[in-house]
Every structure is written in structure tokens, then in C-alpha cells.
Undergrad: 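My questions all concern the structure below.
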Amino acid sequence: MDIDIFEAYESNVRRYGRSFPTVFTKSLGATIWNEAGKSFIDFIVGSGALNYGHNNPDIVAPAIKYLVDKNIVLSLDMYTAAKRDFIEVFVESILKPRGLSYKIQFPGPTGTNANEAALALARKYTGRSSVMAFTNSYHGMSLGSLAVSGSASTRQLGGVARHDVIRVPYENYPNQTFDSASYIDHVLGDPGSGIEKPAAIIVEPIQAEGGMNTASGPWLSEIQRICRKHDIVFIVDDIQAGSGRTGDFFSFEFAKIEPDIVTLSKSLSGSGNPLSIVLIRPDMDIWNPGEHSGTFRGNNLAFVTSAAMCKVWSDRRFTTAVERTAVKLQEHLDRLVAKFPKCIEQKRGRGLMAGLKCRSQAFVSRVHDVAFENGLLIESSGPNRDVIKVLPPITISDDELNHGIAILDHALQEKTNGD
């Protein structure tokens with residue numbers, strides 16, 4: 001299988017090609033195939049950008065028809081029928097059933113564009129410059145998003161200093177005995193703490209890249225209370241954990257909170273087409289026309305597929321199937337934790353956004369390689385890359401899920417015996 005051209009001409013920054021040195025050609029559901037016809041179960045799904053699987057026919061078919069009918073593909077922020085349809089479906093199928101009321105901003109097409117817009121709006125709204133962000137967080141690769149990310153290697157990118165960020169402990173950091181929410185409340189109310197009141201607090205309900213650390217409902221509710229108490233904008237980054245990944249559409253629904261701003265991207269389009277939005281509490285929508293922009297914020301093909309994705313959330317059969325699949329995945333992972341206690345410390349995550357915290361990065365790396373050889377794609381996360389991320393499509397079939405878990409079980413068994 002010829003991969004020489006990638007090594008000769010593609011930048012050294014490439015990552016996934018090095019991890020999976022093969023040429024992929026076709027995909028459907030939770031399965032992808034390489035040029036040789038070998039199949040792989042995909043537990044990465046575009047790092048959470050393909051929650052509904054590869055080439056989901058219910059989502060892709062409307063896009064094919066849209067293209068065949070010679071409709072508008074790029075529209076900046078002009079009005080189009082596709083954009084109108086998306087807004088109508090998103091409001092009726094997603095926001096209203098959850099009792100949520102937001103204005104919708106279309107920034108650039110990626111998650112980091114959404115976070116940059118959210119941070120800029122919070123600063124404009126409050127007139128303050130600093131932002132409170134959490135340990136082990138990850139919010140994107142542009143400079144503002146890098147600044148509020150937790151990883152030292154990530155924050156050092158770009159070559160410029162990161163100012164106006166207050167780093168605070170996430171829930172259960174550094175250990176379960178420390179009450180980080182009370183600490184945050186205390187330092188914000190103590191004039192001697194040396195910590196100024198920030199414009200916003202930005203949080204991921206599940207820190208995917210940070211090691212699948214999971215916030216509890218009471219803790220998220222307390223962070224919201226603290227924001228209300230101190231007049232701070234409460235931003236939830238739901239870019240990877242949202243759009244159905246945890247079993248609910250929003251990953252924060254279980255906590256019964258209502259953030260001031262929510263950012264969505266990755267699986268928002270349901271198809272892999274880039275799309276992001278910023279959900280803004282209506283009274284906070286103080287943007288001037290054209291004050292925040294982005295050439296590709298009018299991706300009409302993504303509007304079409306996203307509208308198709310949102311419609312399925314009105315189908316109880318669909319939501320019931322996702323809930324059942326989430327339970328099955330969690331049961332599988334509980335079994336693996338019990339079976340391999342010497343190499344797996346704990347299960348992390350929630351719903352269909354899960355991870356296995358292992359004893360070492362080296363062990364995870366070896367499991368990754370064996371899994372790939374046997375037809376399973378997995379990746380690692382966490383500051384020490386010692387967490388196996390398990391992100392199957394939320395629409396994965398029982399057979400595909402069972403097959404993928406069996407390959408992972410075999411890889412864990414082989415490396416455990418080898419050690």
C-alpha cells in the first residue's frame with residue numbers, strides 16, 4: 001500500500017496518518033475500509049465529528065439531492081432557504097423541547113472559531129478581559145482558544161504569550177477531597193485573593209482531550225450558581241461532548257443548567273461537513289453588524305445535513321436506541337475494567353463518550369497498535385496519553401459494537417499477558 005507520497009510531501013505535523021499507516025477509501029456506519037479491502041471498526045469517528053456514523057443515509061441523502069438540484073453552497077451570512085430550514089428545525093427539535101431560548105451566531109466553521117467568538121462576546125458584554133479556565137481543558141488551536149486550554153504543550157504553540165487567563169481546578173483535581181467549586185467561589189469573593197473577576201468561566205462537561213474527566217451535575221450547577229452570583233458569563237464548550245455524544249443532545253442536560261453561551265461544532269452537521277454555532281442568551285447578543293465574521297460561516301451543505309440530523313431527535317425510536325447503545329457500551333467497559341485490573345485503573349466518561357484510564361502511556365500505545373492490526377481504530381487522550389478513548393458512532397449496530405469491543409478485549413489481553 002503506497003503511502004510514500006504522504007511522507008514525501010505532507011507536513012511533519014501529520015498525526016493520524018502516522019498512527020494508522022494505511023490508505024482508507026470507503027466508509028459506512030461504524031466501519032471503514034482501506035485500499036486492500038480490509039475493514040476496521042471506527043472508535044474514533046473523526047475525533048467526535050461523526051457521531052452519526054460514516055455516510056449515514058438519512059443525513060447524506062438530502063445533501064446529495066441538494067447538490068444535484070444546483071442549490072447554493074456558500075452564502076457568507078446571507079439568507080438562504082437551507083439556512084432558514086436549519087434554524088427552524090434546530091429551534092423546534094432541539095431548543096424548544098429542552099426549554100432553551102438562544103440566539104444563534106454562525107462564526108467560522110470549526111470549534112475553535114465558535115470558542116473565539118464566545119470569548120470575544122463575553123469580554124465585550126462585561127467589559128472585562130480575563131477568562132477563568134480549567135486544568136486539563138482543551139478549547140481549540142487558535143490563539144484565544146489555546147490560551148484557555150490546560151495542556152502546557154498546547155499553550156506553548158503560536159510563539160506568543162497568553163495573558164488574561166486564570167487557571168482553576170476542574171472537579172476532582174488534584175484529588176476527590178478538594179472542593180474546587182468552593183475554592184472558585186471563595187477566591188472570587190475574597191478581595192485579598194489577588195484574582196480579578198473574569199469576564200467568563202468556560203468549561204467542558206467532559207474533558208475529552210484532557211483524559212475523559214467528567215463533571216458531575218451538582219458541580220456544574222454550582223459553577224453556574226457562582227457565575228450568577230458574581231455576574232460572570234457562563235460558557236459551556238459542548239463541541240466534542242455535544243450533538244448527541246453522551247446520549248442527550250447537549251452533554252449538560254442531565255445537570256439541568258442553562259449556560260449563558262454554548263458552543264457547538266464537530267458532529268453538529270451530522271456528516272463531517274464543518275459547521276459551528278454559538279448559542280447566546282438573547283439579552284447578551286450585543287454584537288454590531290459585521291463585528292465578528294468568517295468567510296465559511298455560510299456552509300449551506302452543512303445546514304442541510306444538520307437539519308436532517310436534528311430531525312431524528314424528534315423520533316423516540318432513535319433516542320431510545322441511543323440510550324440502549326450507551327448502556328451496552330458502559331456494560332462492556334465495566335467488564336473490561338473488572339477483567340484487567342492490573343492494567344486499567346478506571347472507566348471514565350459518560351454515555352457514548354467513554355475512556356479507560358490505564359497504568360501507563362506505553363501500555364496504551366501497545367494496545368493501540370495491536371487493535372489496529374486486528375481491525376479497530378482507537379486513540380489516546382489525557383496529559384500523559386494514558387487514557388484509551390472509546391467513541392463509537394452513537395448509531396453503531398450491536399454487531400459492530402460487539403466486534404469492536406472484542407478486538408479491544410483481545411488487544412488488552414495480549415498486552416497484559418505480554419507484560
Side-chain angles (χ1 to χ4, degrees), residues 111-112 114-152 154-156 158 160-175 178-211 213-241 251-252 255 257-263 278-281 284 383:
T112 195
N115 281 335
E116 293 281 3
L119 295 170
L121 180 59
R123 286 170 167 137
K124 176 181 172 68
Y125 181 78
T126 62
R128 305 180 209 122
S129 60
S130 65
V131 172
M132 190 168 276
F134 290 94
T135 51
N136 289 317
S137 59
Y138 175 76
H139 298 288
M141 296 299 292
S142 52
L143 290 182
S145 299
L146 285 170
V148 293
S149 295
S151 168
T154 298
R155 285 184 287 108
Q156 289 165 2
V160 298
R162 312 290 192 267
H163 300 298
D164 296 329
V165 176
I166 305 163
R167 192 76 50 196
V168 291
Y170 195 72
E171 186 175 18
N172 296 327
Y173 182 96
N175 54 58
F178 182 71
D179 186 347
S180 61
S182 291
Y183 167 78
I184 294 167
D185 193 15
H186 180 77
V187 298
L188 288 174
D190 181 4
S193 70
I195 294 178
E196 64 183 82
K197 182 185 291 188
I201 294 179
I202 183 169
V203 63
E204 302 159 277
I206 301 178
Q207 295 183 320
E209 303 310 313
N213 306 309
T214 307
S216 68
W219 187 82
L220 287 171
S221 181
E222 182 65 5
I223 296 300
Q224 176 173 273
R225 186 196 67 79
I226 291 167
C227 287
R228 301 285 189 268
K229 174 182 175 182
H230 296 282
D231 190 28
I232 296 167
V233 177
F234 181 36
I235 303 174
V236 166
D237 176 344
D238 222 14
I239 286 165
Q240 188 164 164
S251 70
F252 56 82
I257 59 175
E258 188 170 341
D260 299 314
I261 296 177
V262 180
T263 56
V278 183
L279 302 179
I280 306 167
R281 199 180 74 204
M284 289 184 57

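If you're wondering where the values come from, they're calculated on a predicted model, not measured in any experiment.
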Undergrad: I want to check something: taking the side chain as every heavy atom from C-beta on, are R128 and D231 in contact at a cut-off of under 4.5 Å?
TA: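 Side-chain contact under 4.5 Å: yes.
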Undergrad: Tell me, with the steps shown, if R123 and V131 meet side-chain contact (heavy atoms from CB on, under 4.5 Å).
TA: CA-CA 8 Å; R123 286 170 167 137; V131 172; 3.4 Å; yes
Undergrad: Within the structure provided, determine whether S193 and H186 are in side-chain contact (heavy-atom separation under 4.5 Å).
TA: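 No - every pair of side-chain heavy atoms lies 4.5 Å or more apart.
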Undergrad: Using ring pair (Phe, Tyr, Trp, His ring centres under 6.0 Å) as the criterion, list what pairs up with F252, not counting sequence neighbours.
TA: F250
Undergrad: What is the minimum heavy-atom distance between V233 and C227, and which atoms define it?
TA: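 Closest approach of V233 to C227: O-SG, 4.3 Å.
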Undergrad: Which atoms form the tightest heavy-atom contact between P191 and G189, and what is the distance?
TA: CD-O, 3.4 Å
Undergrad: List in chain and number order the residues that pass side-chain contact (heavy atoms from CB on, under 4.5 Å) with E222, two or more places apart in sequence or in another chain; answer none if no residue qualifies.
TA: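 Residues passing side-chain contact (heavy atoms from CB on, under 4.5 Å) with E222: A181, R225, I226.
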Undergrad: Heavy atoms only: give me the nearest P169-S180 pair and the separation to one decimal.
TA: O-CB, 3.2 Å
Undergrad: Kindly say whether V148 contributes a backbone atom to a donor-acceptor pair with the side chain of R167 at under 3.5 angstrom?
TA: yes
Undergrad: Starting from the C-alpha separation in whole Å, work towards a yes-or-no answer on side-chain contact (heavy atoms from CB on, under 4.5 Å) for V236 and F234.
TA: CA-CA 7 Å; V236 166; F234 181 36; 3.9 Å; yes
Undergrad: Would you check if M284 and I261 make a side-chain contact, meaning some heavy-atom pair closer than 4.5 Å?
TA: yes
Undergrad: Return the CD1 to CG distance between I235 and L279, rounded to the nearest 0.5 Å.
TA: 12.0 Å
Undergrad: How would you list all residue pairs meeting side chain to side chain donor-acceptor pair (under 3.5 Å) that involve residues 201-210, not counting sequence neighbours?
TA: Q207-N213, E209-Q240, E209-K389
Undergrad: How long is the straight-line distance from OG1 of T214 back to CD of E171, given to the nearest 0.5 Å?
TA: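 Between atom CD of E171 and atom OG1 of T214 there are 9.0 Å.
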Undergrad: Mind checking whether N136 and Y170 have side chains closer than 4.5 Å, heavy atoms only?
TA: no
Undergrad: Rounded to the nearest 0.5 Å, what separation is found between the CG atom of D237 and the CD1 atom of I206?
TA: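 The distance works out to 12.0 Å.
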Undergrad: Find the distance between CD1 (I223) and CG (D185) and round it off to the nearest 0.5 Å.
TA: 9.0 Å
Undergrad: Looking at every heavy atom in both T112 and S145, which two are closest together, and how far apart are they?
TA: OG1-OG, 2.8 Å
Undergrad: Can H139 and T263 be said to form a side-chain contact (heavy atoms from CB on, under 4.5 Å), step by step?
TA: CA-CA 10 Å; H139 298 288; T263 56; over 6 Å; no
Undergrad: Looking at every non-hydrogen atom in both residues, tell me the closest pair between S130 and K197 and how far apart they are.
TA: OG-O, 3.8 Å
Undergrad: Classify the ring geometry of Y183 against F178: parallel below 30°, tilted from 30° to 60°, perpendicular beyond 60°.
TA: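 Judged by the thresholds at 30° and 60°, the geometry between Y183 and F178 is tilted.
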Undergrad: Supply the atom-to-atom distance I202 CD1 to S137 OG, rounded to the nearest 0.5 angstrom.
TA: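 Those atoms lie 8.0 Å apart.
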Undergrad: Would you compute the distance between atom CZ of F134 and atom CD1 of I201 and round it to the nearest 0.5 angstrom?
TA: 5.5 Å
Undergrad: Grab the two heavy atoms, one from A199 and one from A122, that are nearest each other, plus how far apart they are.
TA: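 Looking at all heavy atoms of both residues, the shortest contact is CB-O, 3.8 Å.
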Undergrad: Go through the steps for L188 and K229 under the test side-chain contact (heavy atoms from CB on, under 4.5 Å), then give the verdict.
TA: CA-CA 10 Å; L188 288 174; K229 174 182 175 182; over 6 Å; no
